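From a predicted model like this one, the values you see are computed outputs, not experimental measurements.
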There are 2 protein chains.
Amino acid sequence: MDKRTQIFEAALKLFVEFGFHGTPTSKIAQEAGVANGTLFHYFPTKDDLIIALFKDTKGKMNNYVADNSVIENSLKGILKGQYLSALYWAMDNKLEFRFIEQFKTSPYLTKIVSEEMEKHLNPLIEMLQKGVIDRIIKDLPIDLLLTIISSQIYGLNNYLVNNDFSKAKQHQIISDTFDLLWEMISLKAVE
Amino acid sequence: MDKRTQIFEAALKLFVEFGFHGTPTSKIAQEAGVANGTLFHYFPTKDDLIIALFKDTKGKMNNYVADNSVIENSLKGILKGQYLSALYWAMDNKLEFRFIEQFKTSPYLTKIVSEEMEKHLNPLIEMLQKGVIDRIIKDLPIDLLLTIISSQIYGLNNYLVNNDFSKAKQHQIISDTFDLLWEMISLKAVE
DNA sequence: AAATTTGTAGAGTGTTTAGTCAGTCTAATG
DNA sequence: CATTAGACTGACTAAACACTCTACAAATTT
């Protein structure tokens with residue numbers, strides 16, 4: 001494993017446990033099994049490391065969701081696919097997800113260009129817009145829909161992490177809560 | 001205004017802007033218009049200050065919600081009252097709410113006894129349990145219901161903060177999203 | 001094989017930090 | 001008025017910190 005990756009893994013672990021400023025670069029280097037100077041060879045400053053780690057981690061999550069979310073081609077199916085895969089990823093990458101949460105509520109967030117951070121949402125946004133036009137989804141602002149969806153994902157993840165369910169039970173809860181979510185945002189067919 | 005309060009206000013402002021470890025105690029004292037030593041007269045360590053500030057802030061929010069949430073005496077009315085007042089408080093106390101969020105995703109959270117933090121939820125929990133028994137609310141674990149409700153509150157707050165709506169528009173969105181939430185968790189009456 | 005670039009090391013540096021301490025000020029009490 | 005106790009001060013300190021620098025090793029290019 002190359003040293004850059006070792007540094008990432010060590011930083012991730014320590015940041016989640018002690019916070020950004022609570023973790024000295026020397027500890028990161030030590031945990032990574034790397035000299036102090038080596039860390040600064042790869043990342044000019046500690047802030048650069050933090051931001052690079054966030055982009056890398058968020059990118060991995062986005063890629064996973066993009067690659068594992070096609071169940072069926074309906075809007076509901078695609079949305080469900082993204083909901084499930086985001087939560088599966090979060091359950092399998094607890095440290096990474098906690099790090100993302102921590103970063104997002106930290107003052108570091110302002111240092112990231114938000115456009116680049118959210119371009120992965122574009123396909124989803126287009127689908128939601130189409131869903132509104134086709135009267136599948138309630139006529140709400142797309143931003144608001146995204147907010148409702150993603151906050152339920154974040155909240156549910158915390159619920160799953162704080163409880164010790166079996167894999168099967170977890171999957172069932174994830175699926176059930178998606179149905180609740182869908183019920184909330186979709187329009188009932190006129191009968 | 002007494003110095004303890006001045007220190008709280010200065011710390012709140014700086015923590016939200018620069019993070020916990022990004023804010024030196026000397027800056028807090030300076031911003032509060034107080035000598036360095038005074039800070040340590042009130043709070044033995046910086047950690048003590050952070051934790052005391054969190055308990056104080058969370059307490060204020062809980063009290064506000066408890067005192068301003070009675071609309072009508074039905075389960076739906078009480079829940080709506082809490083939903084509305086939590087969001088109104090968050091809109092009027094943006095710094096405080098951001099601080100709570102930041103604290104909750106930080107490693108400091110583990111330093112707080114969770115029972116004492118959540119006892120204010122007990123009345124709500126009892127009502128939800130009764131709601132389930134009375135077949136007003138879907139038969140879901142109470143923890144899960146709480147998670148869904150509170151994550152929607154947190155998410156919606158971010159949505160409102162990131163957009164610049166008028167007060168009236170804000171209130172309308174808050175009310176509308178409560179209806180969505182209620183639709184999601186309530187049982188339809190059998191017709 | 002020589003030259004050059006790139007990766008790695010770890011001791012060293014100047015600064016910043018949380019927390020201390022010795023003592024002053026204020027206001028209440030006897 | 002004298003005494004006392006708690007609030008308050010800010011200079012001080014020991015430790016910790018982000019980052020630098022010099023040196024050497026390994027890989028890559030010429």
Exercise. So, the side chain of B:Gln152 versus the backbone of B:Thr177: is there a donor-acceptor pair under 3.5 Å, distance only?
Worked result: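 Flag set: sc B:Gln152 to bb B:Thr177 pair under 3.5 Å.
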For this session: Keeping the roles fixed (side chain from B:Lys13, backbone from B:Ile28), state whether a donor-acceptor pair exists under 3.5 Å.
Result: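 No; zero donor-acceptor contacts below 3.5 Å.
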Exercise. Are B:Phe15 and B:Phe54 near enough that their ring centres are under 6.0 Å apart?
Worked result: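 No, too far apart.
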Exercise. What about the rings of B:Phe43 and B:Phe8, do their centers lie closer together than 6.0 Å?
Worked result: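 Ring centroids of B:Phe43 and B:Phe8 are less than 6.0 Å from each other.
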Problem set entry | Distance-minimising heavy-atom pair for B:Met184 and B:Lys138 |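 That would be O-NZ, 2.7 Å.
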Exercise. Would you call the rings of A:Phe20 and A:Phe103 parallel, tilted or perpendicular, where under 30° means parallel and over 60° means perpendicular?
Worked result: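 Judged by the thresholds at 30° and 60°, the geometry between A:Phe20 and A:Phe103 is perpendicular.
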For this session: Summarise protein proximity over nucleotides 5-12 of chain D in one line of letters, 5' to 3': B for base, S for sugar-phosphate only, - for none, counting protein heavy atoms closer than 4.0 Å.
Result: --SSBB--
For this session: Starting at atom CZ of A:Phe40, determine the distance to atom P of D:dC17, rounded to an integer number of angstrom.
Result: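 To the nearest whole Å, that distance equals 12 Å.
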Problem set entry | Separation of D:dA18 P from A:Gln30 CD (nearest whole Å) |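 Distance check: A:Gln30 CD to D:dA18 P gives 13 Å.
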For this session: Name all residues meeting the side-chain contact (heavy atoms from CB on, under 4.5 Å) criterion together with B:Gln30; count only those two or more places apart in sequence or in a different chain, and write none if there are none.
Result: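 Only B:Lys27 meet the side-chain contact (heavy atoms from CB on, under 4.5 Å) criterion with B:Gln30.
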Exercise. Considering residues at least two apart in sequence or located in another chain, which fulfil the side-chain contact (heavy atoms from CB on, under 4.5 Å) criterion with A:Ala32?
Worked result: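 Partners of A:Ala32 under the side-chain contact (heavy atoms from CB on, under 4.5 Å) test: A:Gln6, A:Ile7, A:Ala10, A:Val34.
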Exercise. Side chains of B:Asn93 and B:Tyr64: donor-acceptor distance under 3.5 Å anywhere?
Worked result: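 No, because no side-chain N or O of B:Asn93 sits under 3.5 Å from a partner of the opposite role on B:Tyr64.
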Problem set entry | Results of salt bridge (Lys or Arg N to Asp or Glu O under 4.0 Å) for A:Asp92 - residues two or more places apart only |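 A:Lys167.
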For this session: Using heavy atoms and a sub-4.0 Å distance, could you list which residues of residues 13-25 of chain A are near DNA chain D? By number, please.
Result: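 Nucleic-acid contacts, sorted: A:Thr23, A:Pro24, A:Thr25.
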For this session: Anything under 4.0 Å to a heavy atom of chain A counts; send over the first and last such nucleotide of DNA chain C, read 5' to 3'.
Result: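 Going 5' to 3' along DNA chain C, contacts run C:dG7 to C:dG10.
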